[in-house]
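Everything on this sheet refers to the single structure shown next.
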Amino acid sequence: MERPQFFDAIRQLISTHHKLVLTIHTNPDGDAVGSALALAAFFRLNNQDVTLVSPNKFPVFLSWLEGSQNFMIFDQNATEVRQVLQQADYVFCLDYNGLSRSGTLQDDLRKLNCSLVLIDHHREPEIESFKWLLWDTVVSSTAELVFEIISQFGEEYFQNQEISQALFTGIMTDTGSFSHSINRPQIFEAVAKLIKNGLDAVYVHQQVYDTFSEDRLRLLGHSISNRMQVFNEFSTAIIALSKDDLNRFNFQIGDTEGVVNYPLSMNNIKMSVLITEKKDQIRFSFRSKGSFSVHELAKNHFNGGGHANAAGGSSKSTLNDAVDQLIKILPFYKNQLNS
Ligand code: 5GP
Ligand code: MN
């Protein structure tokens, strides 16, 4: 579906009253929460009935966002979420490319009779599941796509703080605070428009990045000093954190956000991997610099995917086995990692 058709569909949609549900991916990040909040505010201003649903809780560094308290959390309130989904005219899926990325919510989404709408920038979307798609892997973030949608209806929407702060949060966090995916002028044009309309960008930056607990900062230090292995031969660094590591620093959701980026600041490192032991699975977080695609690696070996330079995955093995599995495959990627 091309952009003009998608925008027409939205124009048509808001011309009469509907019940809309906006969903985001499991373990939501700034882009998921930000793009959903901005779109929700826009829809509400256009007289739509909107419910926000997240599969699980999101981190404190996002809970300051206006409207974030309105999210229904499926893990905590499945019965009510199911009722809302049953009554929906349209269910939007933001910042994820396939229903399995909605975690515990996926079975309910698959059973729905109403139309699903995708707004996303991840590789290889599950196209057949959606009636309308606004999908583009070139953009920095889903928030940038939501910015485009809202732009069709007038710049005055960006005077609304709920919208502008949410969009800026999405763009800022998905570009690693404007450090990657920033070679398109449209990103800065979007941000400039938000600032022209009154956004306090410094305030948002501080709310997201300067609100660490002492434990969170010490966990970062521990991760780098004591848990990072560097494989110079493969231009790779791996940080593995066990449940004990996390408990020792009183882990809260979001506390490992950003940890995976630090090893990439070493000049010879092309890929950084954070492996964390969760309650019932091992999570992988991959980042790369340059042409090495972590999407392919995550997809081929770790049941995941994402973008060329940022991807995730999971495994049901033990932490040590997960680390070993990754170390074993590094030689196969040696040439690509060193090129
Ligand atoms: P993170 O490492 O921050 O969890 O995720 C990096 C990127 O990969 C994000 O855009 C995220 O949505 C995506 N991602 C994370 N985990 C998975 C996964 O298990 N499968 C897929 N397809 N994408 C993932
Ligand atoms: Mn995103």
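Numbers here are sequence positions counted from 1. In listed order, ligands and their atoms are each counted from 1.
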> Can the positive tip of Arg216 be found less than 6.0 Å from the middle of the six-membered ring of Phe212, inside 45° of the ring normal?
Replying inline: yes
Residue pair [X] / [Y], side-chain heavy-atom distance below 4.5 Å:
X: Met1; Y: Leu134; value: no
X: His307; Y: His121; value: yes
X: Val146; Y: Leu94; value: yes
X: Leu105; Y: Leu85; value: yes

> Who are the residue neighbours of ligand 1 when the rule is a heavy atom under 4.0 Å from any of its atoms?
Replying inline: Arg101, His122, Arg283, Ser285, Arg287, Gly304, Gly305, Gly306, His307, Ala310, Ala311, Gly312, Gly313
>> Just to verify, which of Thr276, Val273, Ile238, Leu274 counts as forming a side chain to side chain contact (heavy atoms under 4.5 Å, CB included) with Val260?
In response: Leu274
>> Whether Arg82 and Asp108 form a salt bridge (side-chain N of Lys/Arg under 4.0 Å from carboxylate O of Asp/Glu) is what I want to check.
In response: yes
> Please walk me through it: do Val91 and Phe130 pass side-chain contact (heavy atoms from CB on, under 4.5 Å)?
Replying inline: CA-CA 10 Å; Val91 171; Phe130 302 97; over 6 Å; no
> Listing residue and atom name, which protein N/O/S atoms are closer to the Mn ion (ligand 2) than 2.8 Å?
Replying inline: Asp31 OD2, Asp95 OD1, His121 NE2, Asp174 OD2
> Would you find more than 12 non-hydrogen atoms of other residues, nucleotides or ligands less than 6.0 Å from Gln12 atom CD?
Replying inline: no
